[in-house]
Amino acid sequence: MKQKTDDAVSEVVGVLIMLTVTIILVSVVAVAITGTVSDTEKPLNSQVTATAVIGDDILFELISGDSFTLSNVKVSLGVRENSTASISIIGTNLVGVSGDIISIGDRLRLKGTSTTDGISFGGMDVKKGEHLTYQFFDKSGRPFSSGEIRI
């Protein structure tokens with residue numbers, strides 16, 4: 001007398017269940033890891049432009065994008081005609097005309113010091129007729145605006 005065995009069906013079902021559980025566990029671990037590693041901070045998206053040179057100061061205006069706090073930005077300055085001249089200035093050295101929070105339409109000043117033939121910004125000299133280049137960075141170091149103005 002021959003006995004009927006259903007062992008093959010049970011083994012296949014068992015392997016499929018184990019495979020499904022393994023895939024679900026790997027997915028949960030992957031989601032947990034990428035969720036903790038990812039950068040949740042939204043980058044600053046603003047356009048700041050230099051509008052005028054007033055005495056020894058550069059006047060900037062936020063023309064579009066997100067509002068920001070001056071203490072959360074940094075400005076990198078250079079001279080187009082002299083590639084070795086550069087300096088970084090933290091936002092606390094900028095003065096908001098309307099306060100520390102800059103919104104669309106607000107202006108801010110970068111204070112300079114008069115020299116015999118131009119303006120000095122933190123020891124970096126820009127001569128009259130040269131172009132001051134600038135690039136704004138948010139607190140995470142991402143650039144969000146750049147341009148230049150003739151001194």
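We count residues from 1, following the sequence as given.
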TODO: Might you work through the side chain to side chain donor-acceptor pair (under 3.5 Å) test for D125 and S120, ending with a clear yes or no?
DONE: CA-CA 4 Å; D125 295 335; S120 177; 3.1 Å; yes

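Between I63 and I104 the shortest heavy-atom distance is O-CG2, 4.1 Å. Closest non-hydrogen pair, I102 versus R107, comes out as CD1-O, 4.3 Å. Contact record, Q47 with L62: O-CD1, 3.5 Å, taken as the closest heavy-atom pair.
Using a 4.0 Å cut-off between a side-chain N of Lys or Arg and a carboxylate O of Asp or Glu, K128 and D117 do not qualify as a salt bridge. E148 has a carboxylate O that lies under 4.0 Å from a charged side-chain N of R80, or vice versa, which qualifies the two as a salt bridge.
Rounding to the nearest 0.5 Å gives a distance of 14.0 Å between CG of N82 and NE2 of H131. How far CD1 of I101 is from CG of N72: 9.5 Å, rounded to the nearest 0.5 Å. Atom CG of N93 sits about 12.0 Å away from atom OG of S71, to the nearest 0.5 Å. Atom-to-atom distance recorded for L110:CG and I89:CD1 is 5.0 Å, nearest 0.5 angstrom. How far OG1 of T51 is from CG of L59: 3.5 Å, rounded to the nearest 0.5 Å. The distance from atom NZ of K127 to atom OG1 of T116, rounded to the nearest 0.5 Å, is 9.0 Å.
The aromatic rings of F68 and F136 sit tilted, their planes meeting at an angle between 30° and 60°.
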Scan the side chains in residues 12-23 for donor-acceptor partners under 3.5 Å anywhere in the protein, sequence neighbours excluded, and list what turns up.
residue : atom : partner : partner atom : Å
T20     : OG1  : L16     : O            : 2.8
T22     : OG1  : M18     : O            : 2.8

